[in-house]
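So the structure is just underneath, and the comments pick up after that.
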Amino acid sequence: GVRGRPAVFTREDILVAAKLAFSKEGYANVTLDDLAALLNTGKGTLYYHSNKKVDLLIAISTKTVENNTYELRKIASVNASPEARFILAMRALMMGVLSDQPASKVYFENESDLPPKFRVNLRRLLREIQQVFEDIITEGVAQGVFQGEPRILAKHVLSICAWPYRWFSPEGQMSLDEFINSAVNFALAGIRWVTDKSGMSPTFLQEAEGVLAQYAKGIMTAEETRAT
């Protein structure tokens, strides 16, 4: 800020600082005084926005899970093949987890520190995400394009989507998009009938890309979505 004037921070500024500090140092090891020092501001400014550390954890965790749930809800309503919807859903969830790895780490590694009411609510949203995958896979099994027990397969897929927050690096061998595509190919090869282990076929990949393009242009009509 301007010399002589106290630094002014919004609640979002504080949440970003808390997210990075919790992710790097560990939630249990960071105090509100530490955050005030990190932001080079007085404790009064910090306490004005949040006087409890757990409130910051709640806000970071809630935003992370709610954003992912929102994206999966949209995909659940799309009128497309199970393969295309599976691609869209897995891409969206992995992008949500990996596009903000510090936030994902803060939630996954500190969920037990959330107050019970918030912990229960966020777990309910995670079950909703799992249900989206279960429904897609169930439809695919019914159509003879997927094989296996949908609930178990959905749990496998969620593990593939979530766990890389611990180790994926965008500066590594693959870009984020390349990494997500490789994971989707891996998952598709695992749930398709043994006669088809090709991953994202051009047909279904094109269909998924077409759905994304419609969303981007804002021309997806009510008739093109499933009834909720």
Side-chain angles (χ1 to χ4, degrees), residues 1 7-43 45-75 89-130 133 157-184:
V8 177
F9 295 100
T10 65
R11 178 169 172 79
E12 185 60 30
D13 293 329
I14 294 170
L15 286 174
V16 170
K19 173 182 67 178
L20 296 176
F22 294 164
S23 174
K24 182 179 180 181
E25 304 296 337
Y27 173 73
N29 300 322
V30 178
T31 67
L32 289 180
D33 288 351
D34 293 332
L35 288 176
L38 182 66
L39 291 166
N40 193 28
T41 190
K43 288 188 290 186
T45 298
L46 192 64
Y47 281 46
Y48 173 80
H49 291 286
S50 181
N51 60 7
K52 294 181 181 178
K53 185 175 70 167
V54 72
D55 290 340
L56 300 175
L57 177 62
I58 290 169
I60 294 165
S61 300
T62 300
K63 180 179 179 181
T64 298
V65 178
E66 285 186 346
N67 285 350
N68 289 333
T69 307
Y70 174 74
E71 292 300 322
L72 270 292
R73 283 173 181 164
K74 289 194 301 183
I75 292 165
M90 192 166 176
R91 276 183 170 180
L93 184 54
M94 292 196 75
M95 184 62 72
V97 170
L98 295 178
S99 62
D100 193 345
Q101 285 172 262
S104 298
K105 180 178 181 181
V106 168
Y107 170 65
F108 286 127
E109 297 187 2
N110 301 283
E111 191 227 26
S112 61
D113 290 302
L114 290 167
K117 177 178 69 173
F118 293 96
R119 187 165 64 246
V120 168
N121 182 57
L122 294 185
R123 286 182 180 180
R124 178 184 60 79
L125 294 180
L126 291 179
R127 286 195 297 271
E128 182 179 342
I129 291 174
Q130 178 178 321
F133 282 99
V157 170
L158 292 180
S159 296
I160 294 172
C161 291
W163 194 248
Y165 85 86
R166 294 177 61 91
W167 53 266
F168 172 74
S169 171
E171 288 79 39
Q173 184 178 356
M174 288 183 172
S175 68
L176 179 57
D177 284 339
E178 289 171 338
F179 177 75
I180 290 175
N181 284 342
S182 72
V184 174

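- The CZ atom of Arg127 sits 10.5 Å away from atom CG of Leu122, with the distance rounded to the nearest 0.5 Å.
- Within the 4.5 Å cutoff, no side-chain heavy atoms of Phe22 are placed close to those of Asp113.
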_side-chain contact (heavy atoms from CB on, under 4.5 Å) between Trp163 and Val97, intermediate numbers included_ = CA-CA 9 Å; Trp163 194 248; Val97 170; over 6 Å; no

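- In this structure, Met90 and Ile160 have side chains that are in contact, with non-hydrogen atoms separated by less than 4.5 Å.
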*For Val30 and Leu38, what are the C-alpha separation, side-chain angles and deciding distance, and is it a side-chain contact (heavy atoms from CB on, under 4.5 Å)?*
CA-CA 10 Å; Val30 178; Leu38 182 66; over 6 Å; no

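- A 4.5 Å side-chain heavy-atom check between Lys52 and Leu32 finds every atom pair outside the cut-off.
- Under a cut-off of 6.0 angstrom, the local environment of NZ in Lys53 is crowded, with over 12 non-hydrogen atoms contributed by other residues, nucleotides or ligands.
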*asked:* Applying side-chain contact (heavy atoms from CB on, under 4.5 Å) to Tyr107 and Leu126, what does each step give before you reach the verdict?
replied: CA-CA 12 Å; Tyr107 170 65; Leu126 291 179; 3.3 Å; yes

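- In this structure, the side chain of Gln101 engages the main chain of Phe168 through a donor-acceptor pair within 3.5 Å.
- Judged by distance alone, with hydrogens and angles left aside, the side-chain atoms of Asn68 form no donor-acceptor pair with the main-chain N or O of Val65 at under 3.5 Å.
- Within the structure, salt bridge (charged side-chain N to carboxylate O under 4.0 Å, His left out) pairs that include any residue of residues 159-168 comprise Glu109-Arg166 (at least two apart or interchain).
- The closest donor-acceptor contact from the side chain of Lys105 to the backbone of Ser23 lies under 3.5 Å.
- Of the inter-residue distances, the one linking Ser61 atom OG with Lys19 atom NZ reads 12.0 Å to the nearest 0.5 angstrom.
- A 4.5 Å side-chain heavy-atom check between Arg73 and Leu125 finds at least one atom pair inside the cut-off.
- Here the closest heavy-atom approach between residue Leu39 and residue Ala17 is recorded as CD2-CB, 3.7 Å.
- Rounding to the nearest 0.5 angstrom, the gap separating the CG atom in Asn110 from the CZ atom in Arg119 is 12.0 Å.
- The shortest side-chain heavy-atom distance between Pro164 and Phe179 falls under the 4.5 Å cut-off.
- Here the closest heavy-atom approach between residue Gly96 and residue Ser104 is recorded as O-OG, 4.2 Å.
- Taking 4.5 Å as the limit, every side-chain heavy atom of Thr64 sits out of range of all side-chain heavy atoms of Asp100.
- Side chains of Asn181 and Arg91 form a contact here, defined as non-hydrogen atoms less than 4.5 Å apart.
- Here the straight-line distance linking atom CE of Met95 with atom CG of Leu93 works out to 11.0 Å at 0.5 Å rounding.
- A donor-acceptor pair under 3.5 Å links the side-chain atoms of Asp34 to the main chain of Thr31, judged by distance alone.
- Phe133 places none of its side-chain heavy atoms less than 4.5 Å from the side chain of Ile75.
- Side-chain N or O atoms of Thr62 include none that pairs as donor or acceptor with a backbone N or O of Ala59 at under 3.5 Å.
- What you find for Leu35 and Ala18 is that their closest heavy atoms are CD2-CA, 3.7 Å.
- Expressed to the nearest 0.5 Å, how far CD1 of Ile58 lies from CG of Leu15 amounts to 11.5 Å.
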